[in-house]
There are 2 protein chains.
Amino acid sequence: MTGETAPVAARDEADPVAVIEVQAAVLTRNFELLRRRSGFDSQLDRAGYLLLLALDSLGPSDIGTLAAALGLDPSTVGRQVAAAEGKGLVTRNPDPQDRRRSVVTASPDGLARMAELSVARQRRTTKMLAGWSVEDLAQLARMFTRYNEEVAHHYFTGIDQVGCAAPHDQPKHSTAEDDS
Amino acid sequence: MTGETAPVAARDEADPVAVIEVQAAVLTRNFELLRRRSGFDSQLDRAGYLLLLALDSLGPSDIGTLAAALGLDPSTVGRQVAAAEGKGLVTRNPDPQDRRRSVVTASPDGLARMAELSVARQRRTTKMLAGWSVEDLAQLARMFTRYNEEVAHHYFTGIDQVGCAAPHDQPKHSTAEDDS
DNA sequence: GTTATTATCGGCATAATGCAGATATTACAG
DNA sequence: CTGTAATATCTGCATTATGCCGATAATAAC
């Protein structure tokens with residue numbers, strides 16, 4: 001029948017760009033599936049994790065700043081902050097200088113949970129990539145970072161890439177030096 | 001003040017695994033933002049694109065097979081198929097052998113739209129990575145693919161990784177002989 | 001002091017999904 | 001052949017996350 005061979009979308013394995021495009025989409029889809037299938041942590045969900053990560057990187061911030069950093073609507077971030085506050089992950093105090101703002105601060109408990117989750121995720125990644133050589137791991141890390149830098153540069157110039165290019169630690173020199 | 005000092009989640013740049021974990025999360029988040037900010041195609045949305053991709057790879061299939069391939073609930077895929085059918089992207093015929101099943105087939109128009117979108121995405125990727133050397137592109141493609149293979153192997157052993165790792169395997173398009 | 005701007009919040013609508021129940025069809029045991 | 005179990009799909013309901021718009025409170029500008 002028709003579906004036998006030769007898919008129409010010629011995913012040319014010889015064209016690296018085609019492979020990259022498809023694999024990036026696959027990676028995104030896989031992460032979405034993982035997120036739906038097993039909530040990693042009931043106490044610190046994905047939104048909370050990213051929120052804490054942003055607060056950890058930016059320091060105490062108002063909701064507008066957080067929304068800009070996360071690329072979300074202020075109302076959405078406001079709800080996320082409210083939820084995190086209910087769980088004791090962050091605290092919210094009115095800014096003395098400008099009492100319209102509420103300054104959101106990561107609580108020690110929130111930071112601890114975030115670090116804990118970060119360690120757990122790294123442990124999973126370590127186990128998943130156990131068979132890789134150190135050189136391959138370093139290469140993947142470089143490639144991922146460079147790729148995300150390009151995405152940010154081309155599509156998110158206005159957004160602080162929290163967790164991508166932290167303010168103080170510029171991922172050094174992603175020069176195209178490495179081969180093999 | 002906390003923003004200047006070392007963040008708690010020590011993103012050790014010397015540890016490739018830590019970088020990989022963070023960058024994978026960043027990539028996923030970036031893609032979600034892009035998806036929300038600009039609907040690429042009103043006629044062929046993301047779900048439709050993935051559905052067509054699966055049909056292109058598997059050949060005509062019933063909803064259950066598609067749901068397994070996509071890692072989604074059959075009811076969800078049923079709705080996606082209904083939407084795609086309404087747009088003329090797929091056709092649905094009752095299976096003569098088993099009239100409980102409806103065999104979904106990609107229409108020529110659907111395949112054309114899918115290929116068109118695929119080309120457009122590749123063109124965007126090409127432009128985004130214009131400054132990269134051919135060797136770096138090949139390296140990124142390899143790293144992406146290997147990484148996704150590991151994810152699939154560790155977390156999606158039961159799911160057909162459509163569009164992920166199906167270079168030379170025959171698409172078994174047969175009408176679901178899996179009634180064991 | 002009045003008006004414009006800003007930050008946040010709350011209501012409403014939207015999109016995508018999973019689960020449970022209903023229905024139709026097939027398979028199997030007697 | 002009949003009755004029961006299993007299967008595929010569909011429909012209704014609930015959930016989650018989000019964006020937009022308007023309201024409210026506070027600040028800034030004139």
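Basis for what follows: all heavy atoms, side chains included, without hydrogens, waters or symmetry-related copies. Just so it is clear: chains get the letters A, B, ... in the order the sequence lines come, proteins before strands, and each one is counted from 1.
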5' precedence on DNA chain D between A:Leu72 and B:Asp73 (nearest-nucleotide basis): B:Asp73
B:Asp109 versus B:Ser107, side-chain donor and acceptor atoms under 3.5 Å: no
No-H, no-angle donor-acceptor pair, A:Arg79 side chain to C:dG10 base, under 3.5 Å: no
salt_bridge(A:Asp95, A:Arg100) N-O dist < 4.0 Å: no
Rounded distance in Å - CD (B:Glu85) to C1' (D:dT9): 13 Å
Short side-chain N/O contact to C:dT25 OP1/OP2 from B:Arg99, under 4.0 Å: yes
Closest-nucleotide ordering on DNA chain D, the 5'-leading residue of A:Arg100 and A:Ser75: A:Ser75
Separation of atom CZ in A:Arg46 from atom P in D:dT15, rounded to whole Å: 22 Å
Nearest-Å distance for atom pair CG/C1', residues A:Asp45 and D:dA17: 10 Å
Donor on one side chain, acceptor on other, A:Thr145 and A:Asn148, under 3.5 Å: no
B:Gln80 side-chain proximity, nearest of C:dT17, C:dT26, C:dA16: C:dT17
A:Gln97 vs D:dT27: side-chain N/O to OP1/OP2 distance below 4.0 Å: no
For atom CD of B:Glu32 and atom P of C:dA16, their distance in whole Å: 14 Å
Distance below 4.0 Å between A:Arg92 side-chain N/O and C:dA7 OP1 or OP2: no
Whole-Å gap separating C1' (C:dA16) and CZ (B:Arg36): 12 Å
A:Arg101 side chain near C:dA7 phosphate (N/O to OP1/OP2, under 4.0 Å): yes
Separation of D:dA26 P from A:Asp62 CG (nearest whole Å): 17 Å
Atom pair CG (A:Leu27) and CZ (B:Phe144), whose distance is rounded to the nearest 0.5 Å: 6.0 Å
For atom CG of B:Leu51 and atom C1' of C:dA16, their distance in whole Å: 14 Å
A:Thr76 side-chain N/O to D:dA17 phosphate OP1/OP2 under 4.0 Å: no
